[in-house]
Amino acid sequence: MNTSKFVAKRLGQLVLVLLGVTLVTFLVSHVVPGDPARMLIGQRADEQTLAAMRHAMGLDKPVWIQYLNYLWGLIHGDLGTSIRTQRPVLNELLSFFPATVELTLFAMGFAVSIGILLGLLSATFRDTLTDHATRILAILGVSTPLFWLGLMALLLFYKYLGWLPGSGRLDPLINPPTHITGLYVVDSLISGDWIALKSSILHLILPSLCLGYIQLATIARLVRASMIEVLELDYIKTALANGIPRSRIIYRHALRNALIPTVTIIGLTFGELLGGAILTETIFAWPGMGKFVVDSISFLDFPAIMGFTLVVATVYVLINMVVDLLYPILDPQIKGVH
Amino acid sequence: MEPLLKIKDLHVDFLSYAGAARALNGIDLDLFPGEFLGLVGESGSGKSLTANSVLGLLPLKNAAIAKGSILFEGEELVGKSEREYQALRGKKISMVFQEPMNALNPAFKIGSQVTEILKLHQGVTAKKARTEAVSWLARVRIPHPEEIMNVYPFELSGGMRQRVLLAMALSCGSKLLLADEPTTALDVSIQAQILRLIRDTTDSLGTSVLLITHDLAVVAQTCQRVAVMYSGNIVESGPVRKVLRQPRHPYTKALLQALPHLDGPIKALQSIPGTVPNLLTPPSGCRFHPRCSVAEKRCQADRPKLLSVAENHYVACWRESHHV
């Protein structure tokens with residue numbers, strides 16, 4: 001199968017996945033007790049106002065009609081109107097999306113680079129102090145709850161040490177850089193706004209390290225395991241017997257092969273980070289989609305919640321497609337399969 | 001003539017929680033320049049371990065040379081550092097392994113794997129390495145070597161891969177090739193081709209070969225001299241014709257009797273009773289005595305030395321007259 005055919009097939013699958021996602025989120029959000037109309041007009045409004053509001057919001061129609069209406073809107077690029085802000089969900093998500101993407105990319109860069117490095121060190125110096133230290137770090141990573149870690153980091157680096165800012169994307173006294181991509185670091189680099197660049201990077205450190213730590217741990221453990229497996233294989237022995245230095249064997253011959261399973265995880269990681277950003281953004285008051293959705297949840301803002309879920313699901317599927325496209329480059333044997 | 005490789009009294013231990021297992025129990029072996037020597041024995045007898053010891057490829061954690069010496073071109077190899085070994089491997093001493101299917105890195109093209117070694121050991125430019133690699137592939141009789149440079153290992157058959165590995169092993173002018181069951185994983189018709197190829201190429205280069213195999217037919221076809229191993233010892237060695245036609249050690253005799261013959265009368269195949277001893281608790285004296293049909297009392301008590309019984313023919317058995 002050639003690449004364009006493969007992409008077309010995957011995009012077709014994406015539509016099906018998204019349909020499933022809408023169905024589930026729609027059902028779940030309409031089954032939970034609670035009335036968005038009541039939330040909007042307040043506890044003291046009378047029954048008549050409530051009925052009028054329910055009618056205006058389309059909540060008096062049967063659920064399946066509501067669902068079809070929702071789908072109809074989706075086809076036309078309409079994710080509905082946020083109950084809380086009374087603005088189109090799509091616009092809301094778009095305005096919060098870059099902040100989340102920026103956070104996720106930084107967390108990901110941290111998790112992938114340090115994760116692979118630690119995994120490599122651990123496998124290379126297997127059963128030594130380095131290995132044990134790395135493994136402890138990794139186990140802590142997968143078992144530390146994000147909210148606790150975030151709070152501890154805030155306490156230490158923000159409150160007591162005062163090294164790093166603890167909330168937001170920028171110093172409140174600094175103007176955001178010219179809007180180009182919406183990623184402050186990129187925008188300030190492009191427009192040469194060094195003050196904003198420094199501030200935005202400083203603001204990114206704590207949240208992205210906290211967000212990335214869990215994934216870092218997962219990646220480090222995986223790289224360690226697959227490196228150890230690969231280092232036992234025959235072709236490593238061939239390389240050794242041919243006098244190739246051990247360092248070169250590790251970084252060239254083994255790592256290339258050990259990275260194949262890791263790439264899958266990295267792809268999934270991106271999706272998880274997007275979703276995981278909810279907690280991080282809440283802790284660090286990061287004005288991203290996660291914070292938006294948390295605010296929406298407490299307001300029973302169904303269109304906003306569903307819109308967020310759709311975006312995350314779409315990114316998930318797209319990332320996995322990219323990963324599948326990467327495989328043949330890393331592992332030539334897969335070429336024949338596509 | 002000075003031997004190219006001289007292994008003297010080599011002892012290798014495997015360390016396990018249950019104690020040390022003496023896997024090589026005093027190996028003596030000489031290999032002369034240009035010679036093709038077969039090393040035979042059943043699984044677990046220590047053939048591969050001997051070869052791996054020469055190249056310093058023992059698994060670091062749990063195997064160690066307990067005593068003995070390995071001289072290569074008069075130079076002691078035991079105790080060399082990893083860096084010193086690296087300079088030898090692939091350049092002066094090379095090795096090819098049993099499983100050609102997995103012995104090449106699946107992520108890199110053949111060309112890149114062959115040229116890597118040339119660049120490493122000969123310090124030649126990428127371009128020069130490429131031309132040399134192509135000529136080496138041609139030398140091991142790979143058709144269309146230019147094209148093969150650009151394919152991945154999985155696109156080649158086992159026989160072709162073993163050719164590539166042989167080219168890699170010989171490409172930097174090794175004086176000694178350790179061939180660890182190089183044809184065992186291949187089918188019979190390819191086996192003969194590869195063996196002939198190994199013999200022809202090493203002949204023309206003057207490379208000595210230590211061929212490890214459990215197949216006496218392979219030895220008969222290719223080797224000049226053979227050494228028979230049993231449970232970490234060499235029990236008999238000598239010219240191939242002599243050892244195979246007039247074996248002196250009971251183990252060699254039993255091995256040869258276990259071979260089927262096409263022209264002889266049809267009868268049930270003989271096998272050697274018992275199994276290879278547990279190395280953690282090896283038998284006292286001669287390690288073969290519990291399975292030996294002619295064992296005597298002293299065989300249990302003392303280990304026989306490998307001594308000459310005829311010209312170039314050595315046997316380690318109490319029943320050989322000179323031991324008396």
Side-chain angles (χ1 to χ4, degrees), chain A residues 116 120 122-132 223-224 226-264 266 323 325-338, chain B residues 48 51-52 54-61 82-110 112-114 116-121 150-155 161-162 164-165 167-172 174 177-178 180 185:
Chain A
I116 291 180
L120 262 181
S122 209
T124 313
F125 303 104
R126 188 179 173 187
D127 295 332
T128 63
L129 200 64
T130 319
D131 183 23
H132 298 317
V223 170
R224 177 183 187 271
S226 39
M227 275 300 285
I228 285 174
E229 195 184 314
V230 168
L231 284 172
E232 299 281 314
L233 293 177
D234 286 356
Y235 55 80
I236 298 299
K237 204 169 176 200
T238 306
L240 261 180
N242 280 317
I244 294 170
R246 188 168 145 82
S247 57
R248 191 175 161 82
I249 290 178
I250 288 171
Y251 296 110
R252 184 179 143 91
H253 294 253
L255 183 60
R256 175 77 180 268
N257 288 287
L259 277 186
I260 296 168
T262 314
V263 166
T264 319
I266 292 175
V323 167
L325 288 172
L326 272 178
Y327 276 145
I329 298 172
L330 276 172
D331 183 358
Q333 295 190 53
I334 295 180
K335 247 176 220 151
V337 183
H338 268 322
Chain B
S48 298
N52 282 310
V54 171
L55 216 43
L57 287 177
L58 294 178
L60 284 178
K61 291 253 164 58
E82 187 61 19
R83 193 173 282 269
E84 289 169 311
Y85 267 122
Q86 263 168 30
L88 279 176
R89 293 177 193 146
K91 195 173 184 185
K92 297 221 159 152
I93 308 175
S94 297
M95 193 157 176
V96 284
F97 299 98
Q98 182 170 354
E99 277 292 341
M101 294 317 269
N102 306 324
L104 287 163
N105 194 319
F108 296 102
K109 288 180 180 164
I110 299 296
S112 122
Q113 304 194 41
V114 183
E116 183 180 18
I117 299 169
L118 286 164
K119 283 186 276 189
L120 181 76
H121 289 307
N150 292 318
V151 306
Y152 287 97
F154 74 93
E155 298 172 73
R161 289 184 209 189
Q162 197 59 291
V164 172
L165 288 158
M168 284 163 69
L170 295 177
S171 65
C172 295
S174 277
L177 177 70
L178 307 167
D180 190 355

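Convention: sequence-line order gives letters A, B, ...; per-chain numbering from 1. A quick note: this is a predicted structure, and the numbers were derived from the prediction, not measured. Atoms considered below: every heavy atom in the structure, side chains included; atoms not considered: hydrogens, waters and symmetry mates.
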Novice: Measuring from atom NE2 of B:H121 to atom CG of A:N242, what distance do you get when rounded to the nearest 0.5 angstrom?
Specialist: 6.5 Å

Novice: Tell me if the CZ atom of A:R252 is crowded by more than 12 foreign heavy atoms within 6.0 Å.
Specialist: yes

Novice: Quick check on the interface: out of A:V230, A:D234, A:I236, who has the most heavy-atom pairs with chain B under 4.5 Å?
Specialist: A:D234

Novice: So which of B:E99, B:E116, B:K91, B:M95 has the biggest tally of heavy-atom pairs under 4.5 Å with chain A?
Specialist: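 Heavy-atom pair counts peak at B:E116.
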
Novice: Pair B:Q113, A:Y235 - check side chain to side chain contact (heavy atoms under 4.5 Å, CB included), show working.
Specialist: CA-CA 11 Å; B:Q113 304 194 41; A:Y235 55 80; 5.9 Å; no

Novice: Counting only heavy atoms closer than 4.5 Å, note whether B:L120 contacts chain A via side chain, backbone, both or neither.
Specialist: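 The side chain, not the backbone.
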
Novice: Quick check on A:L233 against chain B: is it the side chain, the backbone, both or neither that has a heavy atom closer than 4.5 Å?
Specialist: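 Contact with chain B is absent: no heavy atom of A:L233 under 4.5 Å.
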
Novice: Can you tell me how far the CD atom of B:Q86 sits from the CD1 atom of A:I249, to the nearest 0.5 Å?
Specialist: 7.5 Å

Novice: Contact part of B:Q98 toward chain A, heavy-atom cut-off under 4.5 Å: side chain, backbone, both or neither?
Specialist: neither

Novice: Cut-off 3.5 Å, side chains only: do B:N102 and A:K237 have a donor facing an acceptor?
Specialist: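 No, no side-chain donor-acceptor pair sits under 3.5 Å.
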
Novice: Measuring from B:M168:CE to A:T238:OG1, what's the distance to the nearest 0.5 Å?
Specialist: 6.5 Å

Novice: Where is the tightest heavy-atom contact between B:A107 and A:R256, given as atom of each residue plus distance?
Specialist: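 That would be CB-CG, 3.6 Å.
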
Novice: Can you tell me which portion of A:R248 sits under 4.5 Å from chain B's heavy atoms? Options are side chain, backbone, both or neither.
Specialist: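 When you check distances to chain B, only side chain atoms of A:R248 fall under 4.5 Å.
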
Novice: Heavy-atom distance under 4.5 Å to chain A: side chain of B:I93, backbone, both or neither?
Specialist: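 Answer is backbone: N, CA, C or O of B:I93 sit under 4.5 Å from chain A.
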
